[in-house]
K.L.:
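The structure under discussion is supplied below as structure tokens; questions concerning it will follow.
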Amino acid sequence: MNNVDNLINLSKDLRWQIGDDFHDNLAEGIYADAAEIVKDSVHKKDENKKLRLDATIDRIVTSRVWGFPIMFLILAVVLWLTIVGANYPSSMLATLLLDTVHPFLRSMAVAASFPAWLSGFLIDGVYLAVAWVIAVMLPPMAIFFPLFTLLEDFGYLPRVAFNLDYLFKKSGAHGKQALTMSMGFGCNAAGVVATRIIDSPRERLIAIITNNFSLCNGRWPTQILIATIFVGAVVPKAFSGIASLGAVIGIAVLGMAFMFFVSWGLSKTVLKGEVSTFNLELPPYRPPRFWKTIYTSLIDRTLIVLWRAIVFAAPAGAVIWLISNIHIGDLSIAAWSIDFLDPFGFLLGLNGVILLAYVVAIPANEIVIPTILMLTVMVTGISGGEGAGVMFELDSVTATGDILKAGGWTLLTAINLMLFSLLHNPCSTTIYTIYKETKSVKWTTIASILPVILGFIVTFLVAQIWRLF
Amino acid sequence: MNELNYSPLTALLTFLGIVLLLFLLFRPGKGWFWLIQKNKESSRKVIIEDILKLLYHSENEEKSLNLVDITRTLKDPDDLIIDSINEMAEHELINLEGEHVKLTQAGSEYGLRIVRAHRLWEKFLAEKTGFAEADWHKIAEQKEHELSDADTDKLSARLGNPQFDPHGDPIPTNTGKMANVTGTLLSEMEVNSFGRIIHIKDKPDIVYRQILAENIHIGSHIRIVEKNANRVVFHSEGEAFVLAPIVAGNITVTELKKDVKVEENIARLSMLTEGETAEIIGISKEMRGESRRRLLDLGFVKGAKVSIELPNPLGEPKAFLIKGTSIALRNNQASKILILKD
Amino acid sequence: MEATPKSACEACPQFNAAGLKKLGVNTTEFDFVVALAGNPNTGKSTVFNAITGLRQHTGNWPGKTVTRAEGAFEYNEQKYKMVDLPGTYSLLSTSEDEEVARNFLLFGQPSVTIIVVDASRLERNLNLVLQVLEITDRAVLCLNLMDEAKRNNLEIDTRTLARDLGIPVVPTSARFNKGIPELIQTISDLANGRIVCKPHRIKNIPKNIESAVQKLSTEIEKEFPNIPNSRWLAFRLLEGDSHVIEMLRKGELIEELQ
Ligand SMILES: Nc1nc2c(ncn2[C@@H]2O[C@H](COP(=O)(O)OP(=O)(O)OP(=O)(O)O)[C@@H](O)[C@H]2O)c(=O)[nH]1
Ligand SMILES: [Mg+2]
């Protein structure tokens with residue numbers, strides 16, 4: 001292949017002759033052609049009519065006074081609609097799937113004379129986990145995502161990036177991280193893939209590692225549920241809605257604070273370097289097609305959540321049932337692990353049940369709460385005679401609260417659970433995605449471990465300080 | 001943990017103790033762990049390669065070195081250096097002619113390889129990473145020892161087999177060929193002559209940092225305005241620069257013919273204020289590689305009209321209207337786009 | 001080359017129903033591959049959805065699509081595979097975020113390339129269009145977001161544009177399914193050779209670059225007589241593109257480009 005070498009050598013010589021302005025000259029040449037073509041075929045009828053409305057909106061949403069308040073207000077409104085709106089369909093689904101279909105399936109199993117272990121495994125393990133996920137996860141998601149998509153279609157997200165870039169620059173990160181973070185509010189795996197828009201490798205890694213600080217699909221409902229049960233209960237009834245909304249927003253904002261803090265930390269230590277360039281096209285605002293957006297994002301999200309529920313919650317439900325029913329000596333594996341984890345959990349202001357639930361739920365954050373409930377029922381022995389590894393009759397949020405309180409939960413447990421739900425390892429899908437995107441075991445490990453360590457530290461500190469007073 | 005002897009206070013104190021210990025161990029740069037690592041690192045190979053490079057550069061400048069020069073220039077302990085020199089002589093990398101140390105053919109090839117790795121690394125740091133310009137040399141100084149021949153070739157290919165490093169020094173090819181730099185030192189240019197900066201010497205460090213601090217860069221066009229024993233004054237990209245002659249002696253320039261148009265009144269896009277419009281003259285050479293190409297592709301080309309579309313209350317980024325679209329840039333990028341205000 | 005005649009029966013049901021079948025993700029067997037190229041946020045995914053009936057995510061910000069997506073449709077008994085790509089500003093850069101799209105356009109050998117542009121920002125979009133035209137003979141310009149261009153009081157003479165560019169130009173408003181039938185018809189005409197393009201070649205290239213490109217591309221052609229776009233290869237080589245050089249060395253490029 002000597003001739004190829006000759007070609008390469010020739011190209012090297014020529015490059016030397018034409019100098020390093022090659023790309024500049026070429027780009028200018030192409031644009032000159034473009035200008036000629038446009039002159040021939042594009043005519044502007046009325047010169048100075050500019051889209052005033054766009055400019056006005058831009059001035060407001062990026063202004064010093066209104067920029068940040070508007071961002072928080074929008075977040076608050078979206079969450080408020082989600083929390084309030086999800087209540088009703090959620091309890092309807094719970095009544096249907098857990099109170100009606102579940103007993104029916106059990107009686108069917110009895111009629112078909114299934115062996116007890118099989119019906120326990122299938123109906124109390126697999127079915128209940130899936131049903132719980134659908135009842136509790138689906139409604140908030142079906143409200144949250146269409147709203148979010150409407151904002152996205154309107155063109156608001158790039159303005160958020162525009163507003164926040166200054167902070168990102170200060171923490172050594174890229175302004176487009178605001179966009180990938182927003183994607184992370186839906187799903188961290190999607191957020192990690194979205195970091196491809198960041199063209200500098202260092203800043204992209206920062207964005208990948210910190211994406212987990214955006215509360216995802218599987219964690220919003222946990223926050224909402226726990227905040228409603230515990231935070232909402234400590235204030236007068238009239239304010240309970242506001243209080244729980246405030247707590248959830250607080251956690252989301254704390255997540256962003258951690259995102260900036262960790263980005264800053266990384267860019268000062270392992271990912272040292274100067275901030276590089278940033279360029280962002282601000283598209284014109286486009287009125288979203290309201291019904292179409294609502295319809296498609298509803299269908300899409302429903303399908304994704306259902307799919308995940310079946311793929312992850314079902315086997316996890318099975319695992320839960322198994323570890324609660326296989327015994328070593330006279331203790332089940334679950335009871336044994338809970339005993340082992342309890343002291344550690346106590347130090348963190350949590351308990352063994354919660355820690356075990358987080359281990360079981362590595363595949364999907366969605367199933368943390370059902371796992372906690374089921375394990376709590378088992379430990380406290382309050383189940384209505386259904387046997388180990390069976391969930392319970394969950395017909396209302398209050399019932400969930402009662403179970404948890406019976407399991408020894410206090411306001412501290414609740415707050416720390418919310419914190420730990422924000423700060424723990426990404427789900428297995430996200431971990432795998434991080435590996436695919438970085439192709440590096442080292443960074444995947446860092447991205448997986450770092451948040452848990454932070455979670456341990458934060459919950460530990462909160463617990464000790466709480467107990468001091 | 002037994003709940004009987006647990007108190008939140010002891011838990012907190014234990015935690016603080018652990019944090020303090022970790023901090024002392026791993027503090028960036030000064031942690032004990034890093035210090036121990038560093039000591040291990042300054043191995044024989046690194047010293048040998050540093051000596052080879054030193055010899056290579058001085059032989060290029062036709063100076064010959066003796067043992068004392070070498071021990072004085074390198075910061076490593078003298079006994080290690082002497083040991084290394086003996087080992088090099090054994091491997092026939094150098095000849096000892098009395099006090100004088102000369103490279104053999106093999107030694108000179110080895111030295112060239114290190115130079116190649118060093119300059120490629122600098123190019124890499126300039127094009128693909130965000131490290132500050134002043135740090136490139138230091139980092140490349142470490143990294144050059146870690147590359148095998150194959151790695152070096154790979155790095156070179158990845159960068160598009162560049163001919164020059166960011167300081168304007170030629171990068172040797174894997175066969176040892178090297179483009180030569182011919183030019184005049186800035187300190188020797190005539191008043192009123194035009195030139196283009198082609199090389200900036202990165203040693204000594206103090207002088208180099210001073211040049212960087214002045215924002216003088218390879219590829220910039222300059223015009224000499226004044227020259228005397230105390231100072232050299234030149235204009236470049238709309239700004240006037242004043243340098244001491246020794247500093248100017250570190251900069252090499254090729255002379256340009258007078259007919260090359262040098263625009264006066266050039267400003268930077270970052271200086272544009274709301275309501276003004278301007279025409280783009282070009283992108284300063286400080287903007288390199290990927291980011292330069294991206295700016296060009298976004299439409300920041302010579303002749304394009306630009307104005308501010310959306311200011312930012314925090315100062316940056318600002319959105320500029322260019323070819324019908326608003327594009328937000330940070331100040332450090334905008335300051336590298338040269339404009340002529342209308 | 002003339003602009004595609006406006007179909008007289010855009011509204012008549014046969015036009016959509018008779019020939020077109022949206023096949024969704026079923027991309028198993030196909031006769032042609034159609035690629036969607038264009039700057040970010042010009043509506044590529046929206047066009048993709050309109051033609052295949054899929055629901056690729058769209059969003060009003062540049063960079064929504066970051067991975068390649070495939071779908072299919074059938075028109076007049078021929079099956080087409082469609083590939084939606086991330087937006088790109090240029091084929092000449094080496095940036096990583098644009099790699100997926102660049103590689104597919106350069107090495108994926110699509111039968112037809114649809115270049116989606118924002119009608120209100122034609123000039124900046126032409127930067128990419130002109131580059132794509134350097135490397136392909138079968139392309140159609142999808143002049144999208146026509147509704148916005150109208151609101152901005154822009155009038156675009158598609159005939160002149162088609163003549164200048166040497167490829168068919170189809171005005172569309174993908175979000176409202178306007179112009180999509182004409183686009184499909186044009187794709188089919190191009191794929192079956194019923195329309196032949198004479199793509200515009202960049203004229204305003206500085207003399208020294210042009211002569212270097214010529215010299216290099218003649219050498220390349222001498223070496224590899226069957227190569228379709230030696231000029232583009234020459235550009236890449238002059239840019240110092242290591243990927244192309246590697247492939248040239250191994251001989252892979254030759255297979256891929258043929
Ligand atoms: N008014 C109007 N809006 C459109 C039209 N086509 C697309 N859009 C909108 O333009 C925005 C961008 O569309 P996408 O299809 O996501 O653009 P894309 O080219 O795939 O963008 P990237 O994937 O980021 O490169 C979306 O909000 C669309 O709804 C159109 O014809 N008219
Ligand atoms: Mg898209």
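Naming: A, B, ... by sequence-line order, numbering from 1 per chain.
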K.L.:
Heavy atoms only, distances under 4.5 angstrom: which of A/D58, A/D342, A/L167 has the most pairs with chain B? Name it, please.
P.N.:
A/D58
K.L.:
Does a salt bridge link B/R292 with A/D24, judged by any charged N lying under 4.0 Å from a carboxylate O?
P.N.:
yes
K.L.:
Tell me whether the count of non-hydrogen atoms from other residues, nucleotides or ligands lying under 6.0 Å of OH in A/Y285 goes above 12.
P.N.:
yes
K.L.:
Shorter than 4.5 Å, heavy atoms on both sides: which option in A/W466, A/F460, A/Y31 has the most such pairs with chain B?
P.N.:
A/Y31
K.L.:
Under 4.5 Å heavy-atom distance to chain A, tell me which part of B/S326 shows up: side chain, backbone, both or neither.
P.N.:
both
K.L.:
Return the CG to CD1 distance between B/D297 and A/I30, rounded to the nearest 0.5 Å.
P.N.:
8.0 Å
K.L.:
Please name all residues satisfying side-chain contact (heavy atoms from CB on, under 4.5 Å) with A/T62, sequence neighbours left out, ordered by chain then number.
P.N.:
A/R159, A/F162, A/N163, B/L310
K.L.:
Quick check on A/W443: does its CH2 atom have over 12 non-hydrogen neighbours (other residues, nucleotides or ligands) under 6.0 Å away?
P.N.:
yes
K.L.:
For each of B/A319, B/G282, B/S291, B/P317, tally heavy-atom pairs with chain A at distances under 4.5 Å, and name the one with the top tally.
P.N.:
B/P317
K.L.:
Among A/L461, A/D165, A/V270, which residue forms the greatest number of heavy-atom pairs with chain B at distances under 4.5 Å?
P.N.:
A/D165
K.L.:
Enter the distance from B/I322:CD1 to A/E281:CD here, rounded to the nearest 0.5 Å.
P.N.:
12.0 Å
K.L.:
Would you compute the distance between atom CD of A/Q464 and atom CG of B/L9 and round it to the nearest 0.5 angstrom?
P.N.:
9.5 Å
K.L.:
Does the side-chain contact (heavy atoms from CB on, under 4.5 Å) test come out yes or no for A/N279 and B/L298, once each step is laid out?
P.N.:
CA-CA 9 Å; A/N279 53 68; B/L298 285 173; 3.7 Å; yes
K.L.:
More than 12 heavy atoms of other residues, nucleotides or ligands under 6.0 Å from CZ of A/F340: is that the case?
P.N.:
no
K.L.:
Roughly how far apart are A/F278 CZ and B/E316 CD, rounded to 0.5 Å?
P.N.:
10.0 Å
K.L.:
Counting only heavy atoms closer than 4.5 Å, note whether B/L295 contacts chain A via side chain, backbone, both or neither.
P.N.:
neither
K.L.:
Checking B/K323 against chain A: side chain, backbone, both or neither under 4.5 Å from a heavy atom?
P.N.:
side chain
K.L.:
Of all the heavy-atom pairs spanning A/R59 and B/E309, show the shortest one and how long it is.
P.N.:
NH2-O, 3.1 Å
K.L.:
Might you point out which heavy atoms bring B/P313 and A/S63 nearest each other, and give the distance in Å?
P.N.:
CG-C, 3.8 Å
K.L.:
If you round to the nearest 0.5 Å, how far is NE2 of A/H23 from CZ of B/R293?
P.N.:
6.0 Å
